[in-house]
Amino acid sequence: MRISKMKIILFIILFLFLVGFVWGAVYLKNVADYKQTVKETTFNEINVADISDGIYIGEYDVNFIYAKVEVTVENGKIININILKHRHERGKAAETVIDKIIDEQKIDVDAISGATNSSTVIKKAVENALKGEQ
């Protein structure tokens with residue numbers, strides 16, 4: 001029994017199409033899950049005055065966006081936030097949200113326009129640092 005070259009080529013094309021379709025479906029499901037996780041992210045009120053002086057590390061990961069931060073607290077105030085790692089889509093601009101957090105001395109500040117998801121992830125990483133969660 002001999003299979004023609006045309007049938008082999010058609011089989012390969014069909015197989016590649018099927019693999020691409022499955023990969024695309026999985027990717028779209030992951031994107032939907034990530035967006036839902038960001039949407040459901042909430043922030044707890046933290047009284048920074050109750051936090052002991054020190055340097056705290058926190059992180060938050062929602063699959064497509066990840067942030068790891070170092071938060072310095074001194075005399076009941078956040079005096080510095082270093083972004084140790086920030087994996088983002090197009091949200092590099094979100095890194096300026098740390099200035100708002102320091103200025104307002106609270107975590108749930110307005111997100112940076114055009115980088116809302118990255119802003120949310122960075123803010124949650126700061127909260128996790130201050131709560132001692134990773």
Side-chain angles (χ1 to χ4, degrees):
M1 183 163 130
R2 188 168 182 159
I3 301 175
S4 71
K5 287 183 180 181
M6 184 59 107
K7 285 185 180 180
I8 292 172
I9 291 171
L10 287 174
F11 176 77
I12 291 171
I13 290 172
L14 181 62
F15 177 75
L16 292 175
F17 177 76
L18 183 61
V19 168
F21 180 78
V22 170
W23 181 85
V26 169
Y27 176 77
L28 290 176
K29 171 74 169 103
N30 287 339
V31 168
D33 290 347
Y34 134 75
K35 287 183 178 184
Q36 188 66 30
T37 301
V38 172
K39 183 178 178 183
E40 293 174 352
T41 298
T42 59
F43 300 97
N44 298 311
E45 192 68 34
I46 293 179
N47 185 355
V48 181
D50 294 338
I51 306 287
S52 300
D53 288 359
I55 298 173
Y56 300 88
I57 305 290
E59 57 190 341
Y60 192 57
D61 190 356
V62 293
N63 197 10
F64 288 93
I65 302 174
Y66 167 80
K68 184 173 185 177
V69 298
E70 177 185 80
V71 182
T72 304
V73 175
E74 195 173 284
N75 298 321
K77 293 188 177 206
I78 299 171
I79 63 163
N80 191 35
I81 301 171
N82 288 322
I83 296 177
L84 302 176
K85 186 168 184 181
H86 183 208
R87 182 181 70 237
H88 52 86
E89 300 170 304
R90 301 173 305 271
K92 180 121 176 92
E95 295 179 359
T96 60
V97 78
I98 62 174
D99 297 330
K100 288 184 175 186
I101 294 171
I102 294 169
D103 289 345
E104 297 181 32
Q105 290 296 302
K106 65 179 188 175
I107 296 165
D108 197 11
V109 297
D110 290 339
I112 303 303
S113 179
T116 304
N117 293 345
S118 284
S119 296
T120 299
V121 169
I122 291 169
K123 293 187 307 183
K124 191 64 175 182
V126 170
E127 177 185 303
N128 288 344
L130 296 176
K131 289 172 39 182
E133 297 178 5
Q134 301 248 346

At their closest point, which heavy atom of [X] faces which heavy atom of [Y], and how far apart are they?
X	Y	answer
Ala125	Ala67	CB-O, 3.7 Å
Gly76	Val48	O-CG1, 3.5 Å
Val73	Ile51	CG1-O, 3.8 Å
Gly58	Ala129	N-CB, 3.4 Å

Thr41-Tyr60 side chain donor-acceptor pair, cut-off 3.5 Å: yes

Side-chain donor-acceptor contact under 3.5 Å, Tyr56 with Asn128: no

NZ/NE/NH1/NH2 to OD/OE distance under 4.0 Å, Glu127 and Lys123: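 Judged by the 4.0 Å cut-off on N to carboxylate O distance, Glu127 and Lys123 do not form a salt bridge.
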
Presence of salt bridge, Asp61 and Arg87, under 4.0 angstrom: yes

A side-chain contact here means heavy atoms from C-beta on lying under 4.5 Å apart; do [X] and [Y] qualify?
X	Y	value
Tyr34	Asn30	no
Lys106	Ile101	no
Asp110	Lys100	yes
Ile83	Ile98	yes

Gap separating the [atom1] atom of [X] from the [atom2] atom of [Y], nearest 0.5 angstrom:
X	Y	atom1	atom2	value
Gln105	Ile78	CD	CD1	5.0 Å
Leu16	Ile12	CG	CD1	7.5 Å
Glu70	Lys85	CD	NZ	16.0 Å
Asn80	Glu74	CG	CD	10.0 Å
Asp108	Lys124	CG	NZ	9.5 Å
Ile112	Thr96	CD1	OG1	3.5 Å

Other residues, nucleotides, ligands: >12 heavy atoms within 6.0 Å of Phe11 CZ: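 Atom CZ in Phe11 is not packed in, count stays at 12 or less.
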
Joint cluster assignment, [X] & [Y], ILVMFWY side-chain distance < 4.5 Å:
X	Y	answer
Val26	Val62	no
Val38	Ile122	no
Met6	Phe17	no
Phe64	Leu28	yes
Val71	Ile79	no

Side chain to side chain contact (heavy atoms under 4.5 Å, CB included) evaluation trace for Val121 with Tyr66: CA-CA 7 Å; Val121 169; Tyr66 167 80; 5.6 Å; no

Working for side chain to side chain contact (heavy atoms under 4.5 Å, CB included), residues Asp33 and Asn63: CA-CA 9 Å; Asp33 290 347; Asn63 197 10; over 6 Å; no

Residue pair Asn82, Val69: steps toward the side chain to side chain contact (heavy atoms under 4.5 Å, CB included) verdict: CA-CA 6 Å; Asn82 288 322; Val69 298; over 6 Å; no

Step-by-step side chain to side chain contact (heavy atoms under 4.5 Å, CB included) determination, Leu130 to Ile107: CA-CA 10 Å; Leu130 296 176; Ile107 296 165; 4.0 Å; yes

